[in-house]
Amino acid sequence: MVTGIEQREKALQGSQVEFSTIFDNAPVVMFLVDSKRRMRRANQATIEFAKRQAKEIIGDRGGEALRCMHSLDNLKDCGFGDFCKTCLVQRTMLDTFETGEGHYRVEAQLPFICGQKQQVSYILISTTPMMVSGEKMVLVCLEDITEMKQTEHVLRESEYLHRITLSNISDAVFMTDDTGTFTYICSNVHVIFGYSFAEVQTFGCISKLLGSDILDADELERLGEIKNIEQEITDKTGRLHSLLVNIKKVSIKEGTILYTCRDITERKLAEEQAHQAELFHISRLNILGEMASGLAHELNQPLCAILSCADLCLRATAGEIKNIDRLNENLRTIETQAERAGNIIQHIRALVKKKNTQYSAIDVNDLIRKTLCFIDTDIRRDEIKLSLELSEQMPKVTADPIQIEQVLLNLLRNAIEAMADTDIEKRSLIIQTTRDSENVVKVLMRDSGDGMTTEVEKQLFNPFFTTKPDGLGVGLSISYSIIEAHHGEFWAKSNSDRGSTFGFTLPVAKTQIFAL
Amino acid sequence: MSEHNPTVFIIDDDGVVRDTIGQLVETVDLNSKTFASAEEFLASYDPIQSGCLVLDVRMPGISGLKLQSRLKENNAHIPIIFISGHGDIQMAAQAFKNGAVDFIEKPFRNQVLLDQIQEAIARDTQLRQKQTIRKAARDKLESLTQREQEVLDLVTAGNANKVIATKLELSQRTVEVHRASIMEKLQVDSVAELVTLVGGANDMQ
C-alpha cells in the first residue's frame with residue numbers, strides 16, 4: 001500500500017528529476033553559488049564553458065571554476081585580487097546575496113583563459129536569490145554574447161565605412177519608400193543641390209528635388225533598375241544642372257528605392273563646347289573652300305614677283321643686263337615677296353587649324369583690314385566699291401581673332417554674293433566700326449544687294465537655312481553662335497533704300513574700358 | 001618719229017609686278033612706261049604712240065577688260081597682252097574676242113611674256129605700216145575729180161571703157177582721157193595695181 005508520504009516523495013523525486021534535467025540541459029551557463037560563494041552545482045553548459053570536469057568545478061569559487069584570468073593570477077583565489085574589486089560579475093552576485101534581489105542580464109566583460117589564449121568574453125549576467133535547506137544561495141546565469149558583440153562591431157564598422165564613402169563621393173544618394181518619401185538622404189546633398197541636409201529633409205519627397213517626372217514606376221517594377229536618366233534640375237541658387245540619375249529597387253525593406261545622382265553639367269558643357277568648336281571649324285573650312293580662287297590669286301601675286309625677279313637676277317649674272325645696280329634690289333624683292341607668300345599660307349593655316357577658343361585683346365580695325373586682304377580679289381573681280389569707315393578711336397576688344405575673322409569672312413562673302421545681280425555702278429560695300437558705348441564696340445557691314453524678304457529675315461539665323469543653291473546654311477547661324485559666345489549681339493536688317501546691313505557688337509577688353 | 005620707238009605700257013596695281021616687268025622690258029632695249037591703274041594710263045595715253053599694252057585683268061576702278069573695250073571703241077588698236085592672277089576662262093574668251101595678243105596666267109616665265117611683247121610690237125608695227133599705206137592711198141584718191149572718181153569706181157568694178165562710156169553718157173574717148181589722168185594721179189601702171197590701191201584705202205582695220 002502506498003502511503004500519502006510515499007506518494008508525495010515520489011512526486012517530489014519526479015519533479016526533482018524534471019528540474020535537474022531542465023537545469024543540466026539549459027543552453028545557458030547556470031550554476032548555484034552557496035553562502036560561502038563556492039560552486040554548489042553547475043550545469044552542462046557551465047562545464048563546457050569552463051572546459052573542465054564537473055567534479056573539478058564543484059567547491060571552486062566562480063572565477064576559478066570559469067578560469068577567470070584574474071583569479072588564476074591571484075594566489076588567494078577569486079574575489080581577492082585588484083581586479084576583483086571592480087568585477088561586475090562578483091558585484092552582481094554579492095549584491096544579490098546581500099539584498100536578496102535578483103539582477104537580470106547585466107552586461108559584463110570577463111577575461112577567460114581559453115586553451116593557450118586569453119580571450120575577453122562579453123557576457124550577460126542574471127542572478128536569482130534562493131533558499132536551499134535554509135541556506136542563502138544565488139543562482140547565476142551567464143549568457144555568452146561575445147559572438148553577437150563581434151558581429152555588431154563588424155556591422156558598425158561596415159556602416160561607418162559606407163557612411164564615410166557616401167559622404168566623400170561627389171554623387172548624391174537617396175533612398176525612399178514606395179511613396180517617394182525620403183528614408184535616407186546623403187550628407188553631401190548640398191554639393192549638387194545647394195540645399196542643406198535639413199532643407200532637403202523638410203522637402204520630404206524625392207520629387208521635390210528631382211522633379212515629379214523622375215520615376216516611371218511601371219518601368220522600375222519591370223526592370224528592377226533604370227539607368228542613366230538625364231534630368232535637368234535647378235539648384236537652390238537657380239543654376240541649372242544636368243544630372244545622370246540611376247534608380248534601383250533595393251531589398252532593404254519592401255518598396256525601398258535607391259537614387260544615385262551624378263552631376264554631369266561640366267561634362268555636358270565641355271561636350272557642347274567641343275561640338276561647337278567642331279562646327280566652327282567645319283564652317284571655316286567651308287568658307288576657305290569658297291574662297292579658294294581668291295586665295296590662289298593672293299598667293300600668285302608674290303610667286304609671280306619672285307619668278308620675275310629671279311629671272312632678272314639670272315639675266316644680270318649671265319651678263320645680259322649691263323646695269324647690275326638693281327641686282328641687290330631684286331634679290332631683296334624676292335626675299336620680301338617670299339615672306340608675303342609665307343604670311344598668306346600661315347594665315348590660311350591658322351584658319352584651317354582646329355583649336356580651342358583663345359581670347360585675347362584684339363584691334364577690330366586691324367582684323368578687318370587683315371581679313372579684307374583675304375577676300376580683296378573677289379571684291380575687285382566683282383568691281384564692288386568698298387568704303388572703310390573705321391573709327392580711329394577704337395579700343396581693343398576681348399575676342400578670339402580666328403573666330404571673329406570667320407564671322408567677318410562670312411558676312412563679306414554674303415555681301416559679295418548678295419550683289420552678284422546688282423548693276424556694277426550700284427555695287428557698294430560699307431564697313432563701319434564705332435565705339436557703341438563705354439564697354440561695347442560695333443561693327444556694321446552694309447551692302448547694296450537685293451536685300452532680304454521678311455520671310456528670309458525671319459529664318460536668317462536658323463541652321464541649314466540658305467538662299468544659295470549650293471550653300472550649306474551654316475554660315476550665319478555659326479556667326480551668330482560665335483558672337484553670342486563672345487557676349488556680343490548679332491543682327492541683320494534690310495536697308496530702307498536697297499541691300500541689307502549686318503552688324504555685331506563685341507565687348508571692350510577690360511584693360512581698355514578706362515581708355516575712353 | 002615716236003612710232004619708230006615702240007613703248008611697252010605696263011598697267012598693274014601691284015607695284016612689284018609693274019616694276020619687274022619694266023626692268024624686263026628694258027633688257028631688250030624697249031621703252032617702258034608703268035601705270036598703277038587704267039585711269040592713270042588713259043590720262044596720258046596718245047594713240048599715236050606705237051607699242052603694246054601689258055595689262056592686269058583685275059584692278060580696282062576700270063578693269064583690264066573694260067580698258068580694252070574702251071580703247072577699241074576709240075579706234076585705238078594698240079595690241080594688248082593680258083596678265084591674270086587666276087585663270088578665268090570667261091575673261092580670257094572675251095579678251096581674245098576683242099583681239100588680245102595673249103592671256104598669260106601668273107606666275108609666268110619672263111621669257112614667255114617677253115616673246116609675247118615682241119610679237120605684239122611686231123603686230124603694232126605691221127598695223128601702223130598698213131595704216132600709213134592706206135593713208136597715202138586715201139590722199140591720192142582724194143586728188144581725183146568727181147568725174148574721175150565715177151570712172152574709177154566703174155573701172156575697178158571690171159567694166160570695159162565702152163560700157164563705162166554708155167553708163168556715164170560720155171564718149172569712149174573722154175573715158176580714155178579720164179582713165180589716163182587717174183593712172184597718172186595715182187601713179188599706177190595697170191588696172192591690177194589700181195584695184196590693190198583702192199582696196200588698201202578701203203581696208204578696214
Side-chain angles (χ1 to χ4, degrees), chain A residues 291-341 344 372-373 376-387 424-425 427 429, chain B residues 8 10-30 32 34 36-39 54-67 69 81-92 94 104-117:
Chain A
M291 285 171 40
S293 75
L295 291 177
H297 180 269
E298 207 59 46
L299 263 181
N300 255 339
Q301 290 296 112
L303 287 182
C304 184
I306 290 167
L307 198 58
S308 204
C309 284
D311 177 71
L312 287 172
C313 294
L314 286 171
R315 281 171 199 263
T317 53
E320 280 177 48
I321 301 174
K322 281 160 206 99
N323 178 5
I324 59 161
D325 296 350
R326 302 193 69 179
L327 182 61
N328 252 339
E329 195 186 313
N330 286 332
L331 283 170
R332 186 86 56 216
T333 305
I334 291 176
E335 193 183 30
T336 54
Q337 291 300 308
E339 264 176 18
R340 180 178 158 194
I344 294 166
L372 278 169
C373 287
D376 184 45
T377 315
D378 295 346
I379 293 174
R380 277 161 54 186
R381 180 200 57 212
D382 288 0
E383 298 176 47
I384 293 166
K385 185 170 170 282
L386 175 69
S387 319
I424 286 174
E425 310 79 63
R427 287 178 191 171
L429 177 61
Chain B
V8 181
I10 303 152
I11 312 171
D12 195 312
D13 63 325
D14 188 317
V16 178
V17 173
R18 219 161 50 218
D19 182 57
T20 49
I21 296 176
Q23 287 186 56
L24 180 70
V25 168
E26 282 162 25
T27 65
V28 290
D29 294 327
L30 285 169
S32 74
T34 56
S37 70
E39 287 89 338
V54 176
L55 185 54
D56 189 10
V57 179
R58 289 177 182 179
M59 281 183 298
I62 301 173
S63 72
L65 286 177
K66 245 190 204 163
L67 177 62
S69 46
I81 300 153
F82 281 100
I83 48 175
S84 153
H86 192 72
D88 189 323
I89 291 173
Q90 275 184 338
M91 283 188 184
Q94 199 194 328
I104 303 174
E105 267 186 48
K106 288 179 192 173
F108 50 80
R109 290 207 154 269
N110 277 355
Q111 196 53 53
V112 172
L113 179 62
L114 220 43
D115 290 347
Q116 291 305 322
I117 288 173

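Hydrogens, waters and symmetry mates play no part in the numbers below; they use all other heavy atoms, side chains included.
Looking at every heavy atom in both residues, B:Asp12 comes nearest to B:Asp56 through OD1-OD2, 3.3 Å. Residue B:Gly64 comes nearest to B:Met59 through the heavy atom pair N-CE, 4.0 Å, listed as atom of the first residue, atom of the second, then distance.
Here A:Arg326 is the residue among A:Gln337, A:Gln301, A:Arg326 with the most heavy-atom pairs under 4.5 Å with chain B. Between chain B and the residues A:Asn330, A:Thr333, A:Leu386, the most heavy-atom pairs under 4.5 angstrom are made by A:Asn330. In terms of non-hydrogen atom pairs under 4.5 Å with chain A, the most contact-rich of B:Val17, B:Ile21, B:Leu24 is B:Leu24.
For B:Leu114, the part sitting under 4.5 Å from any heavy atom of chain A is the side chain, from C-beta outward, and nothing else. Proximity to chain B involves both the backbone and the side chain of A:Ser308, based on heavy atoms less than 4.5 angstrom apart. Heavy-atom distances place no part of A:Asp376 under 4.5 Å from chain B, backbone and side chain included. Contacts of B:Glu26 with chain A are absent, with no heavy-atom separation under 4.5 Å from either backbone or side chain. Using a 4.5 Å cut-off between heavy atoms, B:Asp29 does not touch chain A at all.
By the side chain to side chain donor-acceptor pair (under 3.5 Å) test, B:Arg18 is found to be paired with no residue, residues two or more places apart in sequence or in another chain being considered.
Ion pairing between a basic and an acidic side chain is recognised when a charged N comes within 4.0 Å of a carboxylate O; A:Glu329 and A:Arg332 show no such pairing. For B:Lys106 and B:Asp14, the salt-bridge test fails: no basic side-chain N is under 4.0 Å from an acidic carboxylate O.
Interatomic distance, A:Leu312 CG to A:Leu327 CG, rounded to the nearest 0.5 Å: 9.5 Å.
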